[in-house]
Q: 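Here it is, the structure in full.
Here is how names work: the chains are called A, B, and so on, in the same order as the sequence lines, proteins then strands, and each is numbered from 1.
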There are 2 protein chains.
Amino acid sequence: MLSSILFYSLDKAIRQYRRMAQTNIDRAGIAITIDQWLVLCVIQEIDDLTQTDIAERVFKDQASVARIIRLLLERGLLRAEPLPHDGRRTQLRVTEQGLHTLQAVEPVVLSNRAKALQGLSENDLNTLRFLLDQIAVNCTSSAE
Amino acid sequence: MLSSILFYSLDKAIRQYRRMAQTNIDRAGIAITIDQWLVLCVIQEIDDLTQTDIAERVFKDQASVARIIRLLLERGLLRAEPLPHDGRRTQLRVTEQGLHTLQAVEPVVLSNRAKALQGLSENDLNTLRFLLDQIAVNCTSSAE
DNA sequence: GCATGGTCAATGATATATCATATAGATGTA
DNA sequence: TACATCTATATGATATATCATTGACCATGC
């Protein structure tokens, strides 16, 4: 059935992409996982988010984000400063080492994306994005 | 950048779908995970596969499949019979309880898919599948 | 001020992802 | 037969996914 094949293809595409991407990051000698990189990127862009905010942005659970942040702190890619106005939170900041890592990953990610999207036109990408977003919306709508 | 947005959409679509699907299986009172269900389906269709074969079909690691099979055995959804001609392997068979579970999950999965694909035409699905397969191929090709 | 309810982060439990390795059995070859 | 090699499975280590819960803190109403 077509719909089953579709989710098969969806699963396959994302898994193969993640494997390829992680392999290339490893090969470049950069010690970071894709998920850690993603969270680090978000924090670099906006450094005043709660874990729940970050989780929403990267489609993860707050618990997953908490553990990823702990690893990033342990590895010195992030540092946490106390927030005077809210004792529950800390201000997360990307360290020098974190910046270096982000800069090192950047070209690898670009090359990964380019490789993954070989042969797809601008138009293809727009179509794909539109349809994928539609699926995401369908799955999020609470009705039924 | 468009390519980054694309992988964002891809990630989002698959994650939202998996969450919705698992939630609905849980709500139906069926005690199985999507990944276990997938492996169980494959074994029911072809019951003479090695773990590596199964892993390829579901885009997982052999180690992941080994652990999923162990859980399916522990929960009585699968049983393993010794294979006379190869002492390393066992013949995996879906039990009665496994069949019941598969039958119970079936309508939920169909309804999940229908919900996820609301508003997409046959044509959309074909396009989507074609483009996703292209990405998967791009990521698998060993060159570079 | 203070109780109540809400928010934030951390963590236990369980499942999965991945790599590397271990162990056992199978197979081919000298 | 003896050995090397290959294959199938299992498992340790680490990372992530998810739910549920806890504990700390905040904000509001009273």
Q: Nearest-Å distance, OH (Y17(B)) to P (dT18(D))?
A: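 It is 15 Å, rounded to the nearest whole Å.
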
Q: In terms of the nearest nucleotide of DNA chain C, which residue is placed more toward the 5' end: D35(B) or T23(A)?
A: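 By nearest-heavy-atom nucleotide position, the 5'-most residue is D35(B).
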
Q: Quick check: on DNA chain D, is the nucleotide nearest K60(A) upstream (toward 5') of the one nearest P84(A), or the reverse? Name the residue that is more 5'.
A: K60(A)

Q: Rounding to a whole Å, what distance do you find between E74(A):CD and dT14(D):P?
A: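 Answer to the nearest Å: 12 Å.
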
Q: Round to the nearest Å and state the distance from L40(B) atom CG to dT16(C) atom P.
A: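 Rounded to the whole Å, the gap is 12 Å.
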
Q: L71(B) has an atom CG; how far is it from atom P of dA17(C), in whole Å?
A: 12 Å

Q: Assess the side chains of E122(B) and N126(B): does a donor N or O sit below 3.5 Å from an acceptor N or O?
A: no

Q: Tell me the interatomic distance from R19(B), atom CZ, to dT16(C), atom P, rounded to whole angstroms.
A: 16 Å

Q: Ignoring hydrogens and geometry beyond distance, is a side-chain donor-acceptor pair present between D53(A) and T50(A) at under 3.5 Å?
A: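 Yes, side-chain donor-acceptor contact under 3.5 Å.
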
Q: Which nucleotides of nucleotides 1-11 of chain D have their base under 4.0 Å from a protein heavy atom (B), which only their sugar-phosphate (S), and which neither (-), written as one string 5' to 3'?
A: ------BSBBB

Q: Please report the distance, rounded to the nearest Å, between NZ in K12(B) and P in dA17(D).
A: 16 Å

Q: Calculate the interatomic distance between F59(A) atom CZ and dA17(D) atom P; express it in whole Å.
A: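 Atom-to-atom, F59(A) to dA17(D), this comes out as 13 Å.
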
Q: Start at the 5' end of DNA chain C and walk down; is the nucleotide closest to R18(A) or to G87(B) reached first?
A: R18(A)

Q: Which one of L102(B), I25(B), N24(B) satisfies the side-chain contact (heavy atoms from CB on, under 4.5 Å) criterion with I30(B)?
A: I25(B)

Q: Show the nearest heavy-atom pair for residues A21(A) and N112(A), with the distance to one decimal.
A: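 Reported closest heavy-atom pair: CA-ND2, 3.3 Å.
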
Q: Quick check on side-chain contact (heavy atoms from CB on, under 4.5 Å): which of Q16(A), R18(A), K12(A) does I14(A) satisfy it with?
A: R18(A)

Q: Pairing donors with acceptors under 3.5 angstrom, does anything connect the side chains of N138(B) and Q134(B)?
A: yes

Q: Provide, to the nearest angstrom, the distance between the CD1 atom belonging to I68(B) and the P atom belonging to dT14(C).
A: 17 Å

Q: Hey, does the side chain of Q22(A) come within less than 4.0 Å of dC19(C)'s phosphate (OP1/OP2), counting only N and O?
A: no

Q: Can you list every pair that meets salt bridge (Lys or Arg N to Asp or Glu O under 4.0 Å) and has a residue in residues 58-68 of chain B, with sequence neighbours left out?
A: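 Qualifying pairs, neighbours excluded: D35(B)-K60(B).
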
